[in-house]
**Student:** 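Please read through the structure below; I'll follow up with questions.
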Amino acid sequence: ASAEPELRFRPPAEAPVRLFTEPELARYDGHQEGQPIYLAVKGVVFDVTSGKEFYGKGAPYNALVGKDSTRGVAKMSLDPADLTHDTTGLTEEELKSLDDIFNNVYKAKYPIVGYTSRRILNEDGSPNLDFKPEDQPHFSIKDEF
């Protein structure tokens, strides 16, 4: 008999965190029945499917899903021009509101399923050295990498 220990694959307890490009994230906009609904804020992609009555097809906040809507969340705006990751020119009050909503609503209520490629990578494709996955809840480096 072999003295080698038997190796067994054990799947992670939760689905692994993944990287989303804008076209990939757009697929999770709540318009396809049975598909999860994803919303990104500050480059963090949340599964908001449990809030389907708010984010699903025809729901009041459906405009926010399937994209990084950081600016819209900060300004509490559903204006298509505000549904972007860009925070340029936001007031101190809007940035504080963004942090409050990010921490007390999204991080507190919805699971993180990934990050936007823009958060992890710079425009030229090089790694964003400011990205710190360990600062996120539901994230264990040993489970993810």
Side-chain angles (χ1 to χ4, degrees), residues 6-145:
E6 184 181 335
L7 297 177
R8 281 191 220 120
F9 173 74
R10 272 178 273 151
E14 293 177 35
V17 170
R18 57 181 271 219
L19 191 61
F20 289 87
T21 61
E22 287 179 27
E24 286 173 327
L25 189 55
R27 293 185 208 146
Y28 300 94
D29 64 359
H31 286 85
Q32 206 167 345
E33 198 58 45
Q35 183 88 311
I37 304 169
Y38 294 165
L39 160 70
V41 179
K42 293 172 67 171
V44 179
V45 181
F46 296 95
D47 182 341
V48 297
T49 309
S50 64
K52 195 175 188 171
E53 66 276 14
F54 302 109
Y55 300 105
K57 185 177 180 180
Y61 302 118
N62 178 255
L64 296 171
V65 300
K67 60 181 77 72
D68 188 326
S69 297
T70 301
R71 186 178 196 82
V73 169
K75 295 182 76 160
M76 295 188 180
S77 167
L78 295 174
D79 181 329
D82 288 329
L83 302 179
T84 175
H85 70 278
D86 190 5
T87 57
T88 308
L90 290 178
T91 66
E92 197 68 39
E93 193 173 301
E94 288 167 337
L95 290 169
K96 185 184 178 329
S97 172
L98 172 63
D99 283 341
D100 287 348
I101 294 168
F102 179 77
N103 289 312
N104 301 322
V105 176
Y106 293 108
K107 276 173 74 172
K109 202 170 178 182
Y110 299 108
I112 293 172
V113 291
Y115 298 91
T116 60
S117 54
R118 181 182 310 278
R119 180 178 170 99
I120 294 178
L121 304 174
N122 295 317
E123 294 291 326
D124 64 2
S126 65
N128 173 358
L129 300 177
D130 295 328
F131 175 68
K132 293 184 176 58
E134 63 275 12
D135 291 344
Q136 304 303 326
H138 319 296
F139 192 97
S140 169
I141 288 178
K142 69 176 176 54
D143 289 341
E144 304 304 336
F145 295 109

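We count residues from 1, following the sequence as given.
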**Student:** On a heavy-atom basis, which atom in Lys75 and which in Glu94 lie closest, and how many Å separate them?
**Tutor:** CG-OE2, 3.6 Å
**Student:** Taking all atoms of both residues into account, what is the closest heavy-atom pair of Leu78 and Leu83, and its distance?
**Tutor:** O-CD1, 3.9 Å
**Student:** Please round to the nearest 0.5 Å and tell me the distance separating atom CD of Gln35 and atom CG of Asp29.
**Tutor:** 9.0 Å
**Student:** What's the separation between atom CG in Leu98 and atom CG in Asn103, rounded to the nearest 0.5 Å?
**Tutor:** 9.0 Å
**Student:** To the nearest 0.5 angstrom, please state how far the NZ atom of Lys107 sits from the CG atom of Asn104.
**Tutor:** 10.0 Å
**Student:** Taking 4.0 angstrom as the limit, do Asp99 and Lys42 come out as a salt bridge?
**Tutor:** yes
**Student:** So which heavy atom on Leu39 is nearest to which on Leu64, and how close?
**Tutor:** CD1-O, 2.9 Å
**Student:** Should Val113 and Phe20 be marked as a side chain to side chain contact (heavy atoms under 4.5 Å, CB included) after you check the CA-CA gap, both sets of side-chain angles, and the distance that decides it?
**Tutor:** CA-CA 10 Å; Val113 291; Phe20 289 87; 4.2 Å; yes
**Student:** When you measure from the side chain of Arg71 to the backbone of Asp86, do you find a donor-acceptor pair of N or O atoms at a distance under 3.5 Å?
**Tutor:** yes
**Student:** Should the ring pair Phe46 and Phe102 be called parallel, tilted or perpendicular, given that the plane angle runs from 0 to 90° and is split at 30 and 60?
**Tutor:** perpendicular
**Student:** More than 12 non-hydrogen atoms from neighbouring residues, nucleotides or ligands closer than 6.0 Å to OH on Tyr61, yes or no?
**Tutor:** no
**Student:** Do Tyr28 and Tyr38 make the cut of ring centroids closer than 6.0 angstrom?
**Tutor:** yes
**Student:** Quick check: closest heavy atoms across Ala40 and Leu25, and the distance to 0.1 Å?
**Tutor:** CB-CD2, 3.8 Å
**Student:** Determine whether more than 12 heavy atoms belonging to other residues, nucleotides or ligands lie under 6.0 Å from atom CD of Glu22.
**Tutor:** no
**Student:** Mind telling me whether Tyr110 and Tyr55 have parallel, tilted or perpendicular rings, with 30° and 60° as the class edges?
**Tutor:** perpendicular
**Student:** Would you say that Asn62 contacts His31 through its side chain, given a criterion of any heavy-atom pair below 4.5 Å between the two side chains?
**Tutor:** yes
**Student:** Quick check for you: to the nearest 0.5 Å, what is the distance between Leu19 atom CG and Thr116 atom OG1?
**Tutor:** 7.5 Å
**Student:** Tell me if the CD atom of Glu53 is crowded by more than 12 foreign heavy atoms within 6.0 Å.
**Tutor:** yes
**Student:** Indicate the atoms forming the closest heavy-atom contact of Ala74 with Ser97, along with that distance.
**Tutor:** O-OG, 3.9 Å
**Student:** What distance do Lys57 atom NZ and Lys52 atom NZ have between them, rounded to the nearest 0.5 Å?
**Tutor:** 11.0 Å
**Student:** So, taking the atom named OG in Ser69 and the one named CG in Asp82, what distance separates them when rounded to the nearest 0.5 Å?
**Tutor:** 10.0 Å
**Student:** What's the shortest heavy-atom distance between Pro36 and Asp47, and which atoms?
**Tutor:** CB-OD2, 4.2 Å
